[in-house]
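Scope of the values below: all heavy atoms of this structure, side chains included, with no hydrogens, waters or symmetry mates. Sequence lines set the chain letters: A, B, ... in the order given, protein chains first and strands last, and positions in each chain run from 1. Since the model is a prediction, treat every value here as computed from it, not as a measurement.
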There are 2 protein chains.
Amino acid sequence: MIDRTAPGPVRILLADDHALVRRGVRLILDGEPDLEVVAEAGDGAEALALAREHRPDLAVLDVAMPRMTGLQAARELSAALPGLRLLMLTMYDNEQYFFEALKAGAAGYVLKSVADRDLVEACRSAMRGEPFLYPGAVTALIRHYLDRARQGEGVPEKILTAREEEILKLVAEGHSSKEIAATLVISVKTVERHRANMLHKLGMRDRLELTRYAIRVGLIEP
Amino acid sequence: MIDRTAPGPVRILLADDHALVRRGVRLILDGEPDLEVVAEAGDGAEALALAREHRPDLAVLDVAMPRMTGLQAARELSAALPGLRLLMLTMYDNEQYFFEALKAGAAGYVLKSVADRDLVEACRSAMRGEPFLYPGAVTALIRHYLDRARQGEGVPEKILTAREEEILKLVAEGHSSKEIAATLVISVKTVERHRANMLHKLGMRDRLELTRYAIRVGLIEP
DNA sequence: CCGTACATGGGTGGCACCACCCATCTCGGG
DNA sequence: CCCGAGATGGGTGGTGCCACCCATGTACGG
């Protein structure tokens, strides 16, 4: 665990699949004297590896990344490096995602549509241990959630299992059951089983509705 | 039309719905002595208004924006301001998008996953009147297309007919061929015919891809 | 230690989707 | 005045999706 009472800027790991966005965010953060980007990752797996290597104080993670999403990465990061603060960066103003981010241990949730000052403020809030979220008005909601979570109480449970989400992503990307089965090295029947379970859980009729759902929750891009 | 032989930096209009991305891209471009961002827009309509007001030399447009997509904005911009150079910025490495961008009069097509140097180079290429695109290898393809467009009518014709769009909307909303046929009071076969024509035109495989397309162009909400 | 949740796999059958083939009618432009 | 584009409709056949049925193994919590 890093000693945050020590002087020097906050050391930040930045993960986003778009190099252009990374570059821009880095310029914004490095422009602040108390913030410093020490590593950049292009996906969740890389973020995990770089975090182990660089031991940053704070990780700023894009939610939608190839290979491993920012949410998965957040879960792994908070397990592997307990002292690490997490800030989620996303394009989608989505409630489900938001709660998942909190459950994954994120200290804040920042939309890409916010101004650059807000990102800087979110970083500082995260390091102070304060929750930060985009509209600012919903802070009470978060605080309430965090309080409940601290007491180990009921949290908004995940609708889909990890495996189901994995398969949903592939379904929504347009892959056939056969293709998905080949990718995951499981039987076609199992893929169809998971898909059927998701359809039933979500009250949907076909993979087209699943696709729109996946887009809504930010699992894939349209 | 602006006199590009005059000295001074290239005056750029930047349009992206994410303020954070705008800020980052602006920092990248303003870091170059020959490039200068003179206006920022958050959606296509705003881009159009700001372009009329500021008369920039170059517009860098995100493809996916609310209200009016970058592609629509590009079409309107090239009609309203013939001297304006257009550069499309996108998250999607998608061939269909790419050709639509060219049809809309774009001089280049840059992925957000590219490095910042490439964006700067793309801006300079666009101002020199050279095509720029991401892999670099397909340049001949673009040049060929642009040559044809210069001689022939540069008018970007609509890809889908009105009837096709009507049916696409219903398809993307999840209605079956039978339901659509009943709604429009035509035969199931005709619905399937239109759908097949669209699949062929757009180079797609199934209605799932059509749905994502409909969401992209703003025909329906996810 | 037992139940529940989760992931895995199989079989059958109906139906929608989609790719081919074919045709007619209308309308506007060369 | 014809010709191409668009809208309309039909048939055949393959394949994938999806709804039912069934089962086994593992892991975790009460």
Within less than 4.0 Å of OP1 or OP2 of D:dA7, is there a side-chain N or O belonging to B:T161?
yes
Would you tell me if any nitrogen or oxygen in the side chain of A:R195 comes within less than 4.0 Å of OP1 or OP2 on D:dC18?
yes
Looking only at atom types and distance, does a side-chain atom of [X] sit under 3.5 Å from a main-chain N or O of [Y], one as donor and one as acceptor?
{"X": "A:E209", "Y": "A:R205", "value": "yes"}
{"X": "A:R11", "Y": "A:V38", "value": "no"}
{"X": "A:E165", "Y": "A:T161", "value": "no"}

How many whole angstroms separate atom [atom1] of [X] from atom [atom2] of [N]?
{"X": "A:M204", "N": "D:dC17", "atom1": "CE", "atom2": "P", "result": "17 Å"}
{"X": "A:H200", "N": "D:dA19", "atom1": "NE2", "atom2": "P", "result": "9 Å"}
{"X": "A:L208", "N": "D:dG16", "atom1": "CG", "atom2": "P", "result": "18 Å"}
{"X": "A:H194", "N": "D:dC18", "atom1": "NE2", "atom2": "P", "result": "16 Å"}
{"X": "A:L202", "N": "D:dC18", "atom1": "CG", "atom2": "C1'", "result": "15 Å"}
{"X": "B:R163", "N": "D:dG9", "atom1": "CZ", "atom2": "P", "result": "9 Å"}
{"X": "A:N197", "N": "D:dC18", "atom1": "CG", "atom2": "P", "result": "13 Å"}

Please give me the minimum heavy-atom distance between B:T211 and B:V171, naming the atom from each residue.
OG1-O, 4.4 Å
Identify the heavy atoms of A:E40 and A:E46 that sit nearest to each other, and give their distance.
O-OE2, 3.7 Å
Which residue lies toward the 5' end of DNA chain C, A:K189 or A:R193, if each is placed at its nearest nucleotide?
A:R193
Could I get the full list of side chain to side chain donor-acceptor pair (under 3.5 Å) partners for [X], not counting sequence neighbours?
{"X": "A:R212", "value": "none"}
{"X": "B:T190", "value": "none"}
{"X": "B:D206", "value": "A:R207"}

Sequence neighbours left out, what passes side chain to side chain contact (heavy atoms under 4.5 Å, CB included) with B:A51? Give chain and number order.
B:L13, B:P56, B:L77, B:L81
Output all residues satisfying side chain to side chain contact (heavy atoms under 4.5 Å, CB included) with A:A214, sequence neighbours left out; order by chain, then residue number.
A:L168, A:A172, A:L219, A:I220
Count the heavy atoms of every other residue, nucleotide or ligand shown that sit under 6.0 Å from CZ of B:R128, and state whether that count exceeds 12.
yes
Of all residues at least two apart in sequence or in a different chain, which pass the salt bridge (Lys or Arg N to Asp or Glu O under 4.0 Å) check with A:R52?
none
Going by the rule salt bridge (Lys or Arg N to Asp or Glu O under 4.0 Å), which residues pair with A:R195 if we only count those two or more places apart in sequence or in a different chain?
A:E192
Of all nucleotides in DNA chain C that come within under 4.0 Å of a heavy atom of chain B, which is furthest toward the 5' end and which toward the 3' end?
C:dA16 to C:dC22
Using five base pairs at each end, measure the axis-to-axis angle across the helix from C:dC1-D:dG30 to C:dG30-D:dC1 and round it to 10 degrees.
40°
Let me check something: any side-chain donor-acceptor pairs from residues 178-185 of chain B under 3.5 Å, sequence neighbours excluded? List them with distances.
from, atom 1, to, atom 2, distance (Å)
B:E179, OE1, B:H175, ND1, 3.4
B:E179, OE1, B:S176, N, 2.9
B:T183, OG1, B:E179, O, 2.9

Where along residues 180-187 of chain A does a heavy atom fall under 4.0 Å from DNA chain D?
none
Under a 4.0 Å heavy-atom cut-off, which of residues 168-179 of chain B touch DNA chain D?
none
